[in-house]
Amino acid sequence: MNGYQINFYTLQNRKHQDQPIAEWLLEKAQVMGIRGATVIHGDESFGSDRRIHAARFFEQAEQPVLVVMVVTETESNALFDLIQSSGIKIFYTKTPVEFGVIGD
């Protein structure tokens with residue numbers, strides 16, 4: 001099957017409607033019927049603001065978070081429409097991929 005791997009980059013403390021954006025994305029993907037998503041917590045990052053964000057003892061809220069999904073084109077369009085209509089501002093990458101399941 002052909003589709004896209006979409007990576008969303010955010011921080012633990014970034015919220016939408018009192019919910020961390022990573023959790024919001026995961027919840028919406030599940031409701032939409034997307035096959036799966038993975039949340040990865042990073043140790044350190046920097047973004048367009050050029051600030052270092054790190055998961056240190058006093059800065060847990062600044063922990064970088066990556067949400068990864070592999071979706072069809074239809075799912076991608078629906079997901080981006082939902083994000084656009086929600087007013088969330090989030091950096092992402094979108095890469096064409098082939099995906100499927102192999103084996104028993």
Side-chain angles (χ1 to χ4, degrees):
M1 203 173 217
N2 292 312
Y4 300 97
Q5 177 176 318
I6 303 173
N7 299 328
F8 295 101
Y9 301 83
T10 187
L11 296 174
Q12 186 66 36
N13 66 340
R14 294 209 177 134
K15 297 187 182 228
H16 177 68
Q17 299 174 343
D18 295 324
Q19 184 178 28
I21 289 178
E23 285 181 23
W24 185 90
L25 286 167
L26 210 61
E27 181 182 288
K28 297 306 178 191
Q30 189 174 32
V31 168
M32 294 174 67
I34 290 173
R35 288 165 198 77
T38 301
V39 176
I40 302 166
H41 295 270
D43 289 332
E44 202 164 357
S45 71
F46 75 91
S48 60
D49 62 2
R50 312 304 291 169
R51 284 187 53 227
I52 298 291
H53 304 283
R56 296 196 175 94
F57 183 72
F58 295 108
E59 301 171 345
Q60 287 297 315
E62 289 281 315
Q63 183 173 21
V65 180
L66 172 65
V67 180
V68 181
M69 301 178 197
V70 176
V71 297
T72 65
E73 183 170 1
T74 301
E75 291 167 339
S76 172
N77 292 338
L79 181 61
F80 279 96
D81 287 347
L82 177 65
I83 293 168
Q84 184 71 35
S85 68
S86 74
I88 292 174
K89 180 179 179 182
I90 189 167
F91 181 78
Y92 71 92
T93 58
K94 181 178 172 181
T95 307
V97 295
E98 177 183 322
F99 65 95
V101 176
I102 192 168
D104 294 334

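By convention here, the first residue in the shown sequence is residue 1.
- Through direct or relayed side-chain contacts under 4.5 Å between Ile, Leu, Val, Met, Phe, Trp and Tyr, Phe99 connects to Met1, Val70, Val97.
- Partners of Tyr9 by ring-ring contact (aromatic ring centres under 6.0 Å, His included), not counting sequence neighbours, listed by chain and number: Phe91.
- Within the hydrophobic cluster formed by Ile, Leu, Val, Met, Phe, Trp and Tyr side chains joined at under 4.5 Å, directly or through other members, Val31 stands alone, with no partner residue.
- Between Ala22 and Val39, the shortest heavy-atom distance links the atoms CB-CG1, 4.4 Å.
- Listed by first then second residue, pairs satisfying side-chain hydrogen bond (donor to acceptor under 3.5 Å, both in side chains) with a partner in residues 90-100 read Asn7-Thr93, Ser76-Lys94, not counting sequence neighbours.
- Counting heavy atoms from C-beta on, the side chains of Phe8 and Ile83 come closer than 4.5 Å.
- By the 4.5 Å heavy-atom criterion applied to side chains, Met69 and Leu79 are counted as neighbours.
- Between Thr10 and Leu25, the closest side-chain pair of non-hydrogen atoms is not below 4.5 Å.
- Each side-chain hydrogen bond (donor to acceptor under 3.5 Å, both in side chains) pair with one or both residues in residues 78-89, not counting sequence neighbours, would appear here, but there are none.
- Taking CD1 from Ile34 and OG1 from Thr72, the interatomic distance works out to 8.0 Å, rounded to the nearest 0.5 Å.
- What you find for Met32 and Glu75 is that their closest heavy atoms are CE-O, 4.0 Å.
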**Request:** For the pair Gln17 and Ile88, evaluate side-chain contact (heavy atoms from CB on, under 4.5 Å) and give the outcome as yes or no after the intermediate values.
**Result:** CA-CA 10 Å; Gln17 299 174 343; Ile88 292 174; over 6 Å; no

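- Glu27 pairs by the side chain to side chain contact (heavy atoms under 4.5 Å, CB included) definition with Gln19, not counting sequence neighbours.
- Note on ring orientation: taking the six-membered ring where Trp is involved, the planes of His16 and Trp24 are perpendicular (angle over 60°, cut-offs 30° and 60°).
- Summarising the geometry, atom CG belonging to Leu26 is positioned 11.5 Å from atom NZ belonging to Lys28; distances are rounded to the nearest 0.5 Å.
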